Amino acid sequence: MEAKTFPLSKEQLTEIVKRYPTPFYVYDEAAIRKNVRAIREAFSVFPSYREHFAVKALPNPFILKILASEGIGSDCSSYAELALADIAGMKGEDNMFSSNETPAEEYRLARGLGAVINLDDFSHIEFLEKAAGIPDLVSCRYNPGPLKEGNAIIGKPDEAKFGFTGEQIIEGFKILKARGAKRLALHTMVASNELSIPYHIETSRMLFCLAVEVKEKAGVRLEFINLGGGVGIPYRPEQEAVDYKVLAAGIKKAYDEILKPSGLDPMGIRTEWGRTITGPYGWLVSTAVHRKSIYREYIGLDACMADLMRPGMYGAYHHITIPGKEHVPATEIYDVVGSLCENNDKFAVQRKLPKIDTAAENYGRSPGDFVVIHDAGAHGRAMGFNYNGKLRCGELLLRPDGTIMEIRRAETLSDYFATLDLEAAGNFLPGSPHSLNE
Ligand SMILES: *Cc1c(COP(=O)(O)O)cnc(C)c1O
């Protein structure tokens with residue numbers, strides 16, 4: 001059982017909100033660094049190991065720079081993510097480009113930057129050749145189909161849109177070799193938020209066996225195997241975090257048993273984890289604004305599902321704590337909700353919590369309790385949206401020296417209107433004056 005911690009006290013938050021009102025995300029730089037060092041240390045059992053952070057989990061160049069300084073590369077899947085990684089100083093083969101349904105210009109950018117292109121489909125061999133040419137190094141994404149069980153978030157592999165079938169992989173490597181690729185690699189991504197260590201070891205076994213088959217049937221000796229992302233984090237306090245050393249040792253055992261006897265040692269091992277890298281080290285900080293008592297008791301926050309979509313989208317559990325009330329008994333049962341006109345805008349359903357003070361009840365006297373939503377450092381703000389005209393919140397970084405740095409400001413109304421031509425809208429139909437700028 002892991003105690004859920006938050007690195008700032010109520011007093012510190014009270015100071016911070018004078019400059020940066022809630023809601024906001026805050027990330028703990030020291031904790032992120034400590035975590036990635038532990039991962040690299042555990043995986044140092046392999047002759048060559050590289051982690052490529054899945055940029056979609058936390059697409060902020062300040063965070064990417066921290067990761068780059070720890071020797072982490074990127075895993076990108078779009079034009080903007082490639083650009084972000086480049087801005088953060090991740091260059092060439094530091095970057096994996098694992099996209100799907102990829103536009104030609106994205107292949108051209110990836111090729112131009114020297115990123116490792118990871119093809120999602122057999123037909124993309126020819127598409128890539130026409131769009132950008134076949135680079136020296138190409139990776140292919142494998143979908144094991146019915147050979148592998150999936151889980152609730154990513155679904156079953158045989159129903160998933162990603163990757164090549166086993167037969168296509170063998171054929172694909174033959175074709176890539178014939179068309180000039182000199183270095184080839186294999187990738188898969190079959191689970192999401194999976195805490196089971198045996199599950200991940202089994203995935204590596206499956207890929208190692210496929211690497212042997214690729215050698216035998218396609219005459220290709222792979223340069224590296226990318227085990228993908230999908231390692232889970234303990235969102236619930238009673239869950240156990242994945243022990244990186246146990247996971248790495250299990251994969252190493254499979255490596256020794258399968259790759260070594262087949263003459264495939266040394267083989268590069270790569271991962272493209274997102275959630276595990278930053279998830280536990282980011283929090284969504286909000287303020288309790290309203291209380292409502294109807295058939296249930298509700299606490300309404302100034303954050304909403306537009307800031308953090310996982311609970312509403314997947315029914316995902318995110319732990320909640322109230323700074324200053326860590327030791328107050330959980331005597332109440334609340335639905336903790338946001339302000340969207342959507343009933344699934346709930347951060348917690350029937351959750352036991354200490355009695356929460358709201359800003360509305362203390363109008364003008366005290367600001368109401370802070371409500372901290374844990375494990376929001378990956379697939380958090382990044383999945384946000386502007387539905388209901390909600391402005392997306394900003395991001396703060398807690399530096400190792402204890403200072404706070406704003407790494408993305410909150411959106412303003414001008415950001416919301418930035419893609420509209422208000423002048424043209426005002427003049428659109430005669431007699432419909434617009435008042436927005438008046
Ligand atoms: C989302 C994604 C990842 C990262 O997944 P996590 O669950 O955050 O580890 C890695 N690779 C690909 C191709 C992805 O789509």
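First listed ligand is number 1; within each ligand, the first listed atom is number 1. Remember, predicted model here, so these are calculated numbers, not experimental data.
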Asp75 N/O to ligand 1 N/O under 3.5 Å: yes
Counting from 1, what ligand 1 atoms have a heavy atom of Arg275 closer than 4.0 Å? 6 (P), 7 (O), 8 (O), 9 (O)
Check whether Glu41 reaches the backbone of Arg37 with its side chain - one donor and one acceptor, N or O, closer than 3.5 Å. no
State the atoms of ligand 1, each with its element, that fall below the 4.0 Å cut-off from a heavy-atom position in Arg141. 13 (C)
Tell me, please, whether Phe24 has Arg409 positioned over its six-membered ring: NZ or CZ under 6.0 Å from the ring centre and within 45 degrees of its axis? no
Which of the numbered atoms in ligand 1 are below 4.0 angstrom from a heavy atom of Gly274? 4 (C), 6 (P), 8 (O), 9 (O)
Output yes when the distance from some N or O of ligand 1 to some N or O of Gly230 is under 3.5 Å, and no in every other case. yes
Does at least one non-hydrogen atom of Thr276 fall below 4.0 angstrom from an atom of ligand 1? no
Before accepting this row, confirm whether a basic side-chain N of the pair Lys4/Asp375 lies closer than 4.0 Å to the acidic partner's carboxylate O. yes
For Ser69 and Arg33, which I'm curious about, is there any donor-acceptor pair between the side chains at under 3.5 Å? yes
Atom indices of ligand 1 within 4.0 angstrom of Trp273 heavy atoms, with elements: 9 (O)
Once you measure the plane-to-plane angle for Tyr25 and Tyr27, does it fall in the parallel (<30°), tilted (30-60°) or perpendicular (>60°) bin? parallel
Which heavy atom of the protein is the closest neighbour of atom 14 (C) of ligand 1, given with residue, atom name and distance? Lys56 NZ, 2.8 Å
Check whether any N or O atom of Met189, backbone or side chain, sits under 3.5 Å from an N or O atom of ligand 1, and answer yes or no. no
Ignoring hydrogens and geometry beyond distance, is a side-chain donor-acceptor pair present between Tyr235 and His374 at under 3.5 Å? no
Are the side chain of Ser286 and the backbone N or O of Ala303 linked by a donor-acceptor pair below 3.5 Å? no
Atom 4 (C) of ligand 1 - nearest protein heavy atom and its distance: Ala54 CB, 3.3 Å
Report, in ascending order of atom number, the atoms of ligand 1 lying under 4.0 Å from any heavy atom of His379. 6 (P), 8 (O)
Starting from atom 12 (C) of ligand 1, which protein heavy atom do you reach first, and at what distance in Å? Glu272 OE2, 3.3 Å
Aromatic rings Trp273 and Phe43: how do their planes relate, parallel, tilted or perpendicular, breaks at 30° and 60°? perpendicular
